[in-house]
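Step one of this worksheet: look at the structure below.
Model, not experiment: these values are computed from the prediction.
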Amino acid sequence: MADEEQRAAPPHRGERDRDREEAPRERDRDREGPPRRTRPPGERPTRPRPKPDEREQREQRDEQPRRREREDRNERDDRDERDERDEREDQDREREQPAKKGLSTTRLAQSAVAQLQQLTTRDIEAVVGMSRNENGNLTVILEVVESAHFPDSADIMAEYSVEVDPQGDLVGYSRGPRYQRGRPTGK
């Protein structure tokens with residue numbers, strides 16, 4: 001009977017707790033896969049770690065706005081540096097220009113005569129006129145012998161307009177109307 005009493009008597013409190021702890025362990029063994037880790041009381045649950053692919057994608061996604069922001073910042077810095085450099089170069093050019101005086105009007109006219117003579121291989125009779133343009137270039141009007149005849153009064157003449165810059169370099173030239181020497185234009 002003692003056996004029956006022991007069987008019929010409710011288990012002690014410690015035995016009951018032990019039975020409860022063993023039951024989940026047995027259930028875990030029956031499941032497929034590795035046993036689940038239980039966290040100790042008071043420990044906060046953690047987020048599941050993302051797979052490496054997901055982590056890389058998330059990092060790339062998070063990095064794109066930062067990268068754009070860095071690129072924009074670098075672009076602005078580069079633009080500012082270029083603007084500053086251009087300003088310094090402009091100031092340097094402005095300082096150099098006054099120090100770099102152009103040739104005198106006489107020298108510019110002589111330069112125009114020499115350059116036109118080289119280009120056209122014609123005889124230049126005279127400088128008929130000169131004027132300064134808005135951009136600082138000098139326009140020189142030259143009288144040129146287009147076709148020489150005997151007697152000289154039968155020569156065909158033309159007026160050339162030659163433009164030279166302040167340093168005496170040829171900018172451009174054009175031929176005006178032709179006429180016979182000694183006769184007024186248009187008759």
Side-chain angles (χ1 to χ4, degrees), residues 47 49-187:
R47 276 200 236 149
R49 287 190 174 177
K51 296 179 183 172
D53 306 354
E54 294 171 1
R55 190 178 317 138
E56 288 174 8
Q57 288 173 355
R58 188 178 312 128
E59 287 173 0
Q60 287 174 356
R61 187 179 59 233
D62 293 345
E63 180 63 25
Q64 284 176 350
R66 289 187 205 128
R67 187 180 317 125
R68 275 193 223 115
E69 188 176 307
R70 278 194 309 264
E71 288 172 356
D72 291 346
R73 196 176 322 119
N74 290 340
E75 239 176 76
R76 273 180 280 170
D77 292 346
D78 290 345
R79 207 175 314 128
D80 292 344
E81 287 176 18
R82 271 183 275 154
D83 291 345
E84 288 174 10
R85 187 177 55 233
D86 290 345
E87 272 185 51
R88 284 192 303 263
E89 288 174 1
D90 290 345
Q91 289 171 353
D92 291 345
R93 270 191 234 114
E94 287 174 6
R95 280 188 221 121
E96 288 175 8
Q97 283 179 350
K100 203 180 192 186
K101 283 191 172 182
L103 299 173
S104 69
T105 307
T106 307
R107 298 252 184 212
L108 289 174
Q110 288 171 346
S111 173
V113 169
Q115 291 181 53
L116 185 68
Q117 195 164 21
Q118 281 181 334
L119 287 170
T120 61
T121 66
R122 296 207 167 99
D123 293 330
I124 296 173
E125 275 298 302
V127 175
V128 180
M130 288 188 288
S131 65
R132 282 240 184 241
N133 298 346
E134 302 142 3
N135 55 7
N137 293 345
L138 184 72
T139 301
V140 183
I141 299 169
L142 305 173
E143 191 174 45
V144 177
V145 178
E146 284 281 306
S147 178
H149 292 280
F150 186 77
D152 289 342
S153 58
D155 290 347
I156 304 295
M157 308 294 285
E159 283 186 359
Y160 279 79
S161 177
V162 181
E163 187 176 348
V164 290
D165 65 11
Q167 285 73 40
D169 296 325
L170 183 70
V171 175
Y173 75 95
S174 62
R175 187 184 76 196
R178 292 177 173 194
Y179 56 92
Q180 198 169 13
R181 186 192 298 265
R183 295 207 181 162
T185 307
K187 290 191 180 181

Heavy atoms from other residues, nucleotides or ligands near CG of Asp169 exceed 12 (cutoff 6.0 Å): yes
Looking at Arg175, I want to see if its CZ is surrounded by more than 12 non-hydrogen atoms of other residues, nucleotides or ligands under 6.0 Å. yes
Out of curiosity, [X] [atom1] to [Y] [atom2], how far, rounded to the nearest 0.5 Å?
X	Y	atom1	atom2	value
Gln117	Leu142	CD	CG	10.0 Å
Ile124	Leu116	CD1	CG	4.5 Å
Gln115	Thr120	CD	OG1	11.5 Å

Looking at [X] and [Y], what are the two nearest heavy atoms and their distance?
X	Y	answer
Ser111	Gly168	OG-O, 2.6 Å
His149	Ala154	CD2-O, 3.0 Å
Gln180	Ser153	CG-O, 3.8 Å
Asn137	Asp165	OD1-CA, 3.2 Å
Gln167	Leu103	O-CD1, 3.4 Å
Val164	Leu108	CG2-O, 4.0 Å

Side chain to side chain contact (heavy atoms under 4.5 Å, CB included) partner of Glu163, chosen from Leu170, Val140, Asn133: Asn133
Pair Val144-Glu159, side-chain contact (heavy atoms from CB on, under 4.5 Å): steps then yes or no: CA-CA 6 Å; Val144 177; Glu159 283 186 359; over 6 Å; no
Just by modelled atom types, is the Asp152 backbone N or O under 3.5 Å from a matching donor or acceptor in the Arg181 side chain? yes
Salt bridge Glu81-Arg85, side-chain N to carboxylate O under 4.0 Å: no
Could you walk me through whether Tyr160 and Arg122 pass side-chain contact (heavy atoms from CB on, under 4.5 Å), step by step? CA-CA 11 Å; Tyr160 279 79; Arg122 296 207 167 99; 3.5 Å; yes
Below 4.5 Å, heavy atoms only, C-beta onward: do Met130 and Thr139 meet side chain to side chain? no
